[in-house]
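For this chain, numbers begin at 1 and follow the sequence in order. Both ligands and their constituent atoms are indexed starting at 1 by order of listing.
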Amino acid sequence: MAALANRSVKSLVDTGMREIPKSYIRSENERSKTTAVCTESIPVIDLSGIYGPNRTEAINAISKACEEWGFFQVINHGVPERVIENMMRAHHMFFELPEVEKAKYKAERHDKPVVYGTSFTAKDQKVLEWRDFLMFIVEGTIDAQTLKDWPPIIRDSALEYMTEVRKVALEILSALSESLGISGIFESIMGHERLLLNYYPPCPNPDMTFGVSEHSDVGLITVLLQDDVGGLQVSHNGQWVAVQPISNALLINVADVLQVLSNGKFQSVEHRAVPNYSQARISVPLFCAPARSTIIKPVPELVNEHNPSKYRPFTFGDYLTYFHSRSHSGKADNLAYARLE
Ligand code: OGA
Ligand code: NI
């Protein structure tokens, strides 16, 4: 498997392969759970509401979505359509490059500000994931030196996209702080961002494997752009709910650190992606997180004798290292790291 683990999924598919290799096949037990329900759908929120006279209602809708679902779509979010289109176009252009060009960006996950790879932690993963990725890691601000390392074919589009989407993330964090009466707190904690370009090639056996298997995200919140192929599923009340793509919408989800800061009020949610038989799918999550040195613990104003702290303090950097030392394996395991029992 080691040889395959380093090989991009796209390069395998490009050989004309008709059946997925064994190393990507999930156990019967996992596969029996792949069917998602479509009867319910995650909330859709018109973000322009937070700038108008009904700000309070808009903020309450965001807060409620974070409590009840941990996942929602936003429309009228202010990111220009042109910026979204450029990002999607550049994304495809990068993955269409010859393998040798993309391979220039291969690296271990934390060694470089840009990493091209496949699967998740491909080297020691038991079952591989049906995706290739390009990840941009930014701690603090993006300087000229950082930009030089980014692939030229995608540099301008990714920078512009990240700049616009960061504003959406900060607006939502600010709305959530305000909803809990701690204005300014959540948004002030952002200090580390990861822009991930997921590329899910078409898959000859889409019900035997996952593009990304179930996990929760580690940061504060994630803002995700996807094309219209579909494949993202969200865990809700014990069922997997398939997310219906909405053109130009952005998906928002609560991640683990926000769950800890809010002392469990906002829940990070498990999600996963299934591949498609005939079409490649792309998605672009921006993971918004604290700087590595930030100490994460419930915000003191939210803790009292009736609502004692549920989590022990930890640094974000340690949490990130812990997360990346394991395969994607659901959320319960993630937060067990910090939970006080
Ligand atoms: C992720 C993720 C889902 C998707 O990369 O963390 O959850 O739809 N991706 O691509
Ligand atoms: Ni995720």
Looking at [X], which atoms of ligand 1 are within less than 4.0 Å of one of its heavy atoms?
{"X": "Tyr200", "value": "3 (C), 4 (C), 9 (N), 10 (O)"}
{"X": "Asp217", "value": "6 (O)"}
{"X": "Ser283", "value": "4 (C), 10 (O)"}
{"X": "Pro285", "value": "5 (O)"}
{"X": "Leu196", "value": "5 (O)"}

query: Hey, is Arg131 one of the residues with a heavy atom under 4.0 angstrom from ligand 1?
result: yes
- prompt: Is the shortest distance from a heavy atom of Phe133 to ligand 1 less than 4.0 Å?
  reply: no
task: May I have the angle between His215 NE2 and Asp217 OD1 with its vertex at the Ni ion (ligand 2), rounded to 10°?
output: 90°
query: Which one of Arg194, His271, Glu129, Met135 has a non-hydrogen atom at the shortest distance from atom 7 (O) of ligand 1?
result: His271
field: Selected option - heavy-atom contact closest to atom 6 (O) of ligand 1, from Gln233, Gln226, Glu270, His215
entry: His215
task: Kindly check if the number of other-residue, nucleotide or ligand heavy atoms within 6.0 Å of NZ (Lys102) is above 12?
output: yes
Taking [X] for its side chain and [Y] for its backbone only, find out whether a donor-acceptor pair lies under 3.5 Å.
{"X": "Ser177", "Y": "Leu173", "value": "yes"}
{"X": "His91", "Y": "Asn198", "value": "yes"}
{"X": "Asn304", "Y": "His306", "value": "yes"}

- request: Kindly indicate, with the supporting measurements, whether the criterion salt bridge (Lys or Arg N to Asp or Glu O under 4.0 Å) is fulfilled by Arg194 and Glu139.
  value: CA-CA 9 Å; Arg194 290 171 174 237; Glu139 181 111 12; over 6 Å; no
Salt-bridge contact Glu99-Arg7 (side-chain N to carboxylate O under 4.0 Å): no
task: Just say parallel, tilted or perpendicular for the rings of Phe136 and Trp150, cut-offs at 30° and 60°.
output: tilted
- request: Working to the nearest 0.5 Å, report the span between CG of Leu224 and CD of Gln73.
  value: 9.5 Å
- prompt: Does ligand 1 have a heavy atom under 4.0 Å from the side chain of Arg281, from its backbone, from both, or from neither?
  reply: side chain
